[in-house]
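What follows is one structure encoded as structure tokens, with my remarks underneath.
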Amino acid sequence: MLLVVDIGNSHTAVGVVEGERVTRSWRISTVAERTADEYRLLLQGLLNDGAVRPEGAAISSVVPPATTAVRRAADQIVDGPVVVVGPGVKTGLPIRTDNPREVGADRVVNSVGAIHRYGTPVVVVDFGTATTIDVVDQAGEYVGGVIAPGLEVSMGALVQATAALRRVELEPPPSPVGRNTVEAIQSGLLYGHAGLIDRLIELVAGELGSTPAAVATGGLAEVMIPLCRTSLVLDEFLTLDGLRLIYHRNR
């Protein structure tokens, strides 16, 4: 049994991998101030109060304080090696960007998982705090990507910068033409974001010279996929599976 943990800015995905399959998963809030002891107790609670000890762990993170705390917690509850994705870790993914160290661990892990599951070329759309698009070319090399404000960030900025607008549920309105303020905000956020994704993937395909497989993951992927014209495959466990692959490449 393998413990896999992906620490994002807003949420942390925790999973248990048995064989080649994620058999259990949880989504918890990311709290940068949480201590290693707090993470240990939390993870042990998820893992049947520590009755079962994983044979190893793989961690990716974009929140450095949480990385350290989770790594220390994993060292106490795991019987085998703990692999933290970062410089020096074997990923099998050539990164052809100006500064490979700038590429977030989550984006590397997503790309590794996407190549394994869908081949190349492939793009990964991750609907998280930021909406990111990662691009892997026909040769299986990471050639770059796109970073845009996520839906929650866009809504927060809109509400903060205006006096009369308020937060709304992130669900599609009955029509793109909003009949009230709530529906108008929902239309602008959701249909506008779908248009952003469609256009960016169109531009990426032009750069690659071919139509890539397109995979969507992240907390809001299920909401966004039906709104996009691009054919996106939902893969909720993409990141966790990428962590599994990287763990085995570093054993």
Carefully, step by step, assess Asp241 and Arg244 under the rule salt bridge (charged side-chain N to carboxylate O under 4.0 Å, His left out). CA-CA 5 Å; Asp241 191 55; Arg244 173 186 69 84; 2.8 Å; yes
Crowding at CZ, Arg249 (>12 non-hydrogen neighbours, <6.0 Å): yes
Side chain to side chain, Val223 and Glu171, heavy atoms closer than 4.5 Å: no
Around Glu222, counting heavy atoms of other residues, nucleotides and ligands shown, do more than 12 lie under 6.0 Å from its CD? no
Look up atom OG in Ser154 and atom CG in Leu158, then write down how far apart they are to the nearest 0.5 Å. 8.5 Å
Counting C-beta onward and ignoring hydrogens, is there a side-chain heavy-atom pair between Glu141 and Val136 closer than 4.5 Å? no
Distance-only, no hydrogens or angles: does the Thr230 side chain make a donor-acceptor pair with backbone N or O of Leu232 under 3.5 Å? no
Quick check: do Glu102 and Ile95 have side-chain heavy atoms less than 4.5 Å from each other? no
With rounding to the nearest 0.5 angstrom, report the OG to CZ distance, Ser10 to Arg27. 8.5 Å
Main chain of Asn110, side chain of Thr239: is a donor-acceptor contact present, judged purely on distance under 3.5 Å? no
Quick check: are there more than 12 heavy atoms from other residues, nucleotides or ligands sitting under 6.0 Å from CZ of Arg179? no
Expected output: side-chain Ser187 to main-chain Glu183 donor-acceptor under 3.5 Å: no
Quick check for you: to the nearest 0.5 Å, what is the distance between Leu42 atom CG and Trp26 atom CH2? 10.0 Å
Is a side-chain N or O of Thr120 found less than 3.5 angstrom from the main chain of Ala139, in a donor-acceptor match? no
OG/Ser231 to CD1/Ile201 distance, rounded to the nearest 0.5 angstrom? 9.5 Å
Kindly check if the number of other-residue, nucleotide or ligand heavy atoms within 6.0 Å of CZ (Arg72) is above 12? no
Is there a continuous path of hydrophobic side-chain contacts, each under 4.5 Å between heavy atoms, that joins Leu200 to Val233? no
Does the pair Glu152/Arg167 count as a salt bridge with the N-to-O cut at 4.0 Å? yes
In Å and rounded to the nearest 0.5 Å, what is the CD1 to OH distance from Ile59 to Tyr247? 11.5 Å
Worked check of side chain to side chain contact (heavy atoms under 4.5 Å, CB included) between Ile197 and Val125: CA-CA 8 Å; Ile197 297 302; Val125 185; 3.9 Å; yes
Do Tyr191 and Pro172 come within less than 4.5 Å of each other through their side chains, counting heavy atoms only? yes
Going through the checks in order, is the side chain to side chain contact (heavy atoms under 4.5 Å, CB included) test met by Val17 and Thr23? CA-CA 6 Å; Val17 177; Thr23 56; over 6 Å; no
Please step through salt bridge (charged side-chain N to carboxylate O under 4.0 Å, His left out) for the pair Arg229 and Asp198, ending with a clear verdict. CA-CA 6 Å; Arg229 292 182 177 180; Asp198 289 334; 5.2 Å; no
Do the non-hydrogen side-chain atoms of Val135 and Leu208 ever get within less than 4.5 Å of each other? yes
Can you tell if the side chain of Asn9 reaches within under 4.5 Å of the side chain of Thr30, non-hydrogen atoms only? no
When you look at Val16 and Val22, which way does the side chain to side chain contact (heavy atoms under 4.5 Å, CB included) test go after all the steps? CA-CA 6 Å; Val16 170; Val22 177; over 6 Å; no
Give the cluster check for Val122 versus Phe127: same hydrophobic cluster or not, with ILVMFWY residues linked at side-chain heavy-atom distances below 4.5 Å. no
I'd like to know if the side chain of Thr91 and the backbone of Leu93 have a donor-acceptor N/O pair within less than 3.5 Å. yes
In the single-linkage hydrophobic clustering (I, L, V, M, F, W, Y; side-chain heavy atoms under 4.5 Å), do Val14 and Val109 co-cluster? no
When you check the gap from the basic side-chain N to the acidic O, do Asp37 and Arg40 get nearer than 4.0 Å? yes
Are any of the side-chain nitrogens in Arg107 or Asp134 under 4.0 Å away from the carboxylate oxygens of its partner? yes
Side-chain donor/acceptor of Glu18 to backbone N/O of Leu2, under 3.5 Å: no
Could you give the distance from OG1 (Thr217) to CZ (Phe237), rounded to the nearest 0.5 Å? 9.5 Å
Pairing donors with acceptors under 3.5 angstrom, does anything connect the side chains of Tyr118 and Asp235? yes
Same apolar cluster (I L V M F W Y, side chains within < 4.5 Å links), Val83/Leu47: no
Hey, mind stepping through Met155 and Gln160 against side chain to side chain contact (heavy atoms under 4.5 Å, CB included) and telling me if it holds? CA-CA 9 Å; Met155 179 164 58; Gln160 186 174 7; over 6 Å; no
With clusters defined by side-chain heavy atoms of hydrophobic residues (ILVMFWY) lying less than 4.5 Å apart, directly or transitively, does Val89 cluster with Val112? yes
Check: Pro121 and Ser210 side chains under 4.5 Å, non-hydrogen atoms: yes
Note, His11 side chain near Asp6 side chain (heavy atom, < 4.5 Å): no
For the side chain of Gln76 and the backbone of Ala73, is there at least one donor-acceptor N/O pair under 3.5 Å apart? no
